[in-house]
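First up is the structure itself, then whatever we jot down about it.
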Amino acid sequence: MALLQIAEPGQSRNPHARRIAIGIDLGTTNSLVASMRNAIPEVLKSENGQTMLPSIVRYLDNGNTQAGYEALAHAVQDPKNTIVSVKRLMGRGLKDISHAHNLPYDFVDTSGMLKIQTIQGEKSPVEISAQILARLRQLAEDSFSDEIEGAVITVPAYFDDAQRQATKDAAQLAGIHVLRLLNEPTAAALAYGLDHGSEGVYAIFDLGGGTFDISILRLSKGVFEVLATGGDSALGGDDFDHALMRDLLQNIELQEISASDQRALILKCRDLKETLSSHHTVLFEFTFATGQSLQRTVTADDFATLTQPLINRALLGVKKAMKDAAMTVADIQGVVMVGGATRMPHVQAAVAHYFQKTPLNDLNPDEVVALGAARQADLLVGNKNKNDEWLLLDVIPLSLGVEMMGGLVEKIIPRNTPIPVAIAQDFTTFKDGQTALAVHVLQGERELAQDCRSLGKFELRGIPPMVAGAARIRVTYQVDADGLLSVSAKEEKSGVTASIEVKPSYGLADGEIARMLSESFQTAAGDMVLRALREEQVEAMRLIDAVNNSLNSDSNLLSPEEVHVITQALSTLKESASHSQEIDVLRKDITTLAQVTEEFAARRMNANIRRALTGKNVKDID
Amino acid sequence: MVAANHSESNHGFADYFEFFALPQQFRVDLQALDRAYLKIQQEVHPDKFVRSSDSEKRQSLQIATYANTAHQTLKHGIRRGIYLCGLKGFDPQLETNTSMPKEFLMQQMALREEMDEARGDLAALTVIQEQANRELKKQMDEIELQFDTFDKPELAMLHLRAALFFERLLEELDHQMMVAST
């Protein structure tokens with residue numbers, strides 16, 4: 001764990017210093033971290049000069065873990081404890097993994113997210129991903145010898161709520177403050193600098209190691225508006241490797257294939273795929289542990305024919321997204337290629353053919369997502385001037401619905417709705433005196449609940465007993481700017497806030513995260529307390545700064561009495577932030593200041609909107 | 001389990017029209033609407049408040065959410081009409097009241113039959129789509145006339161219901177055309 005820098009209480013560190021923020025591309029095959037240096041985004045290099053960290057984690061019997069190249073070196077020899085492509089398992093149950101039998105792990109099928117049995121016990125995909133993220137955090141801290149303010153972490157645009165939440169949980173577990181989850185195609189558009197003077201509609205075609213995304217974006221005056229997004233969160237370069245492997249195995253008589261052979265063969269198939277991008281004919285040779293050998297000549301044309309169904313799947317996603325965006329091929333200004341798998345010539349050709357134009361691919365497709373994430377992270381921590389800003393407006397990739405009688409799904413938020421978004425729905429009881437109600441929330445496009453992804457079951461308790469049909473329980477589904485769902489409920493007649501017990505189908509309970517935190521990083525208890533206090537102090541200073549700034553610019557929105565109440569709460573918090581070591585006192589004073597400024601915040605927001613629309617001078621919000 | 005209509009806090013604005021500084025009427029300058037929407041999001045989007053207090057973050061989330069709902073509602077003609085009916089004190093009863101003139105229902109049935117017969121035939125489906133689009137346009141023009149010229153929301157309401165029939169038909173046509181083209 002990095003040493004915490006504690007400034008003299010009441011003083012912030014150099015206020016003009018640039019805040020350090022990083023962008024992380026947590027990929028299926030490789031992961032990268034990037035940051036801004038001299039106004040240019042740059043991928044950070046390890047001591048060995050490597051930019052990419054293979055997304056591989058190995059658990060050793062001595063309690064240590066390896067990640068990246070170190071783990072890759074043992075992938076064949078120790079397949080059961082060396083986890084590759086964990087991203088494909090995020091937020092997934094065992095039944096969701098179509099090719100589980102092709103994977104060499106000992107899966108543990110739990111009711112929620114699957115786990116893998118390793119030499120260090122059961123590990124969830126969240127814990128495994130956290131190991132990768134922790135390495136990237138370390139790399140960034142070493143590069144800057146300073147504290148990292150926060151990170152933007154990219155996810156496939158097509159990731160559902162469970163997959164997004166799992167990614168955020170992994171970051172928390174790795175001790176990273178997540179500024180924002182950013183969709184990979186949007187990050188790529190940022191890296192291409194499409195915000196600089198490019199106007200029009202662009203398509204971002206992102207075929208990664210394990211996921212496929214297509215986004216249709218409209219750019220105008222520094223605003224990136226996602227019109228539609230689509231894809232397949234289980235389609236990527238990996239599938240091209242598997243297609244090759246299946247084809248090669250089909251033509252030989254084979255008894256049983258060991259886990260090591262399987263791992264070695266799949267890696268060999270990946271090499272074959274990559275070689276076929278620049279060679280027309282390749283001789284493939286492999287010797288199994290049994291001594292049996294496999295030899296075959298594979299041509300680029302064979303490979304193209306073999307994988308045409310995969311490309312067709314991607315193109316079908318493209319067509320759907322174009323339809324959702326209400327765009328035709330002629331409307332598209334440019335096509336950006338992202339992801340290592342777009343290096344395959346037949347993928348390039350298929351995309352060029354569909355869009356009738358040569359795709360843009362002058363940036364390294366492996367780095368482009370991390371570079372864009374670094375730009376966004378830099379913007380979010382406030383390192384930009386007002387005239388150098390841009391805004392990303394995103395959408396929810398998959399419809400949200402609730403299960404109705406008979407297992408049918410009623411859609412409450414259709415896919416491609418701009419986020420943040422909230423929908424309220426009223427429910428009533430159907431029995432006299434009923435005090436509880438269950439709601440099953442789903443995500444997906446299918447009509448039957450069993451065909452959609454279950455996000456969670458919510459049980460509303462504490463409804464005051466009334467005759468059937470008299471209660472009016474308003475359930476509000478809020479999707480935030482990260483695409484994450486939260487649910488709240490209230491009985492309208494009595495004003496009772498029904499308590500919600502959330503049983504996320506694939507997520508982790510809060511307690512589970514705390515357990516993993518203490519387990520996997522062996523944080524000393526003293527460190528935890530110190531860190532928590534430090535976090536509250538930072539929060540207090542942030543709040544004090546924010547309120548001071550608001551008072552300076554907009555105190556005319558308040559009555560003298562209101563100003564008085566706020567300044568009092570402000571000085572109380574200043575006092576406790578500088579002198580108190582009691583975390584509870586600090587928390588109480590933060591809450592008080594937050595409460596007394598709630599209405600002020602609302603009025604300022606309102607005033608800003610009116611100013612923006614009437615064209616009068618907009619005062620700086622900062 | 002019964003789901004009913006939704007309402008929300010207005011954040012100090014009279015309605016969606018006032019929020020975007022647009023006149024309260026059915027005819028909307030869509031470009032002005034988009035411009036106002038983007039201006040507002042540039043002020044209130046949560047990305048502008050990453051380093052602000054929790055109260056401001058919460059406010060930003062709520063009002064950015066409101067801006068999205070307001071924009072989506074005013075952007076789509078039918079949703080805008082339904083919303084405007086509500087503002088004028090008329091409940092369009094779209095869920096409960098499906099009674100339509102007999103001739104209208106006959107026309108709908110005929111169109112649906114044609115669609116079924118054209119299954120898999122992209123050209124034939126396109127012809128039906130064009131016809132349905134023309135009919136929808138007629139209804140939308142009528143809605144505008146009833147709201148903005150005659151101030152008769154109760155009549156606009158009838159045409160809104162008809163428009164909804166065409167919209168559903170068009171959705172199904174879209175689906176059929178997608179199937180036919182793959």
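Order of the sequence lines sets the chain letters (A, B, ...), proteins ahead of strands, with each chain counted from 1. These numbers come from a predicted model, not from an experiment. Note: hydrogens, waters and symmetry copies are ignored here, and every other heavy atom, side chains too, is used.
- Residue with the most contacts toward chain A among B:Pro46, B:Ser52, B:Ala67: B:Ser52 (heavy-atom pairs, distance under 4.5 Å).
- Contact record, A:Pro420 with B:Ala64: CG-CB, 3.7 Å, taken as the closest heavy-atom pair.
- The two residues B:Ser53 and A:Arg542 come nearest to each other via the heavy atoms N-NH1, 4.4 Å.
- Side-chain atoms of B:Thr65 and A:Gln478 include a donor-acceptor pair closer than 3.5 Å.
- Proximity to chain B involves both the backbone and the side chain of A:Lys320, based on heavy atoms less than 4.5 angstrom apart.
- Only the side chain of A:Leu391 comes within contact range of chain B, with at least one heavy atom under 4.5 Å from a heavy atom of that chain.
- Residue contact with chain B, scored on non-hydrogen atoms closer than 4.5 Å, involves the side chain of A:Glu539 exclusively.
- Among all heavy-atom pairs drawn from B:Phe19 and A:Leu613, the shortest one is O-CD1, 3.2 Å.
- Heavy-atom distances place the backbone of A:Ile419, and not its side chain, under 4.5 Å from chain B.
- Of all heavy-atom pairs between B:Lys39 and A:Ala612, the closest is CD-O, 3.4 Å.
- Only the side chain of B:Gln72 comes within contact range of chain A, with heavy atoms under 4.5 Å apart.
- When atom types are taken as modelled, the side chain of A:Asn608 and the backbone of B:Glu43 share no donor-acceptor pair closer than 3.5 angstrom.
- Scored by the ring-ring contact (aromatic ring centres under 6.0 Å, His included) test, B:Phe147 finds B:Phe26 as partners (sequence neighbours excluded).
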